[in-house]
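Below: one structure, written as structure tokens.
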Amino acid sequence: MLRIIMQVFGTALVLVGGLWTLQGLGLVMWPAESFMLGQESWAAYGAIAIAVGLVLLWLTRRRTPRR
């Protein structure tokens, strides 16, 4: 059960981090009234979120289920 939760959370972090990064870089201007648009700090936060999400996904792949 923990493995599934980590996979869902890792995937969500990668997707949300990608959106934050693209918004921070000004490549995605959605939603138009977002405070994150064109803010380089949000691009950095997104990159960190992507890295954490990838680590979580990597950890779930390396764990072997115990019987």
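Residue numbers count from 1 along this sequence. Just so it is clear, the structure is predicted and the values come from calculations on it, not from any experiment.
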If hydrophobic clusters are built by linking Ile, Leu, Val, Met, Phe, Trp and Tyr wherever their side-chain heavy atoms come under 4.5 Å apart, do [X] and [Y] end up in the same one?
{"X": "V55", "Y": "M6", "result": "yes"}
{"X": "L59", "Y": "V52", "result": "yes"}
{"X": "I48", "Y": "L22", "result": "no"}
{"X": "W58", "Y": "V16", "result": "no"}
{"X": "L57", "Y": "I50", "result": "yes"}

* Is a donor on one side and an acceptor on the other found under 3.5 Å between the side chain of T21 and the backbone of A47? -> yes
* Polar side-chain atom of S34 near backbone of P31 as donor-acceptor pair, under 3.5 Å -> no
* Structure fact -> Output for pair (W20 CH2, S41 OG), nearest 0.5 Å, gives 11.5 Å
* **Rounded distance (nearest 0.5 Å) linking atom CZ of R61 with atom CG of L56** => 13.5 Å
* Give me the one residue out of L25, L27, L19 that meets side-chain contact (heavy atoms from CB on, under 4.5 Å) with Q23. => L19
* Structure fact -> In terms of heavy-atom contacts, G17 and A49 come closest through CA-CB, 3.9 Å
* **For the student: nearest non-hydrogen atoms of L37 and W30, plus distance** => CD2-N, 4.0 Å
* Structure fact -> Hits for side-chain contact (heavy atoms from CB on, under 4.5 Å) against I5, two or more places apart or cross-chain, chain-then-number order -> M1
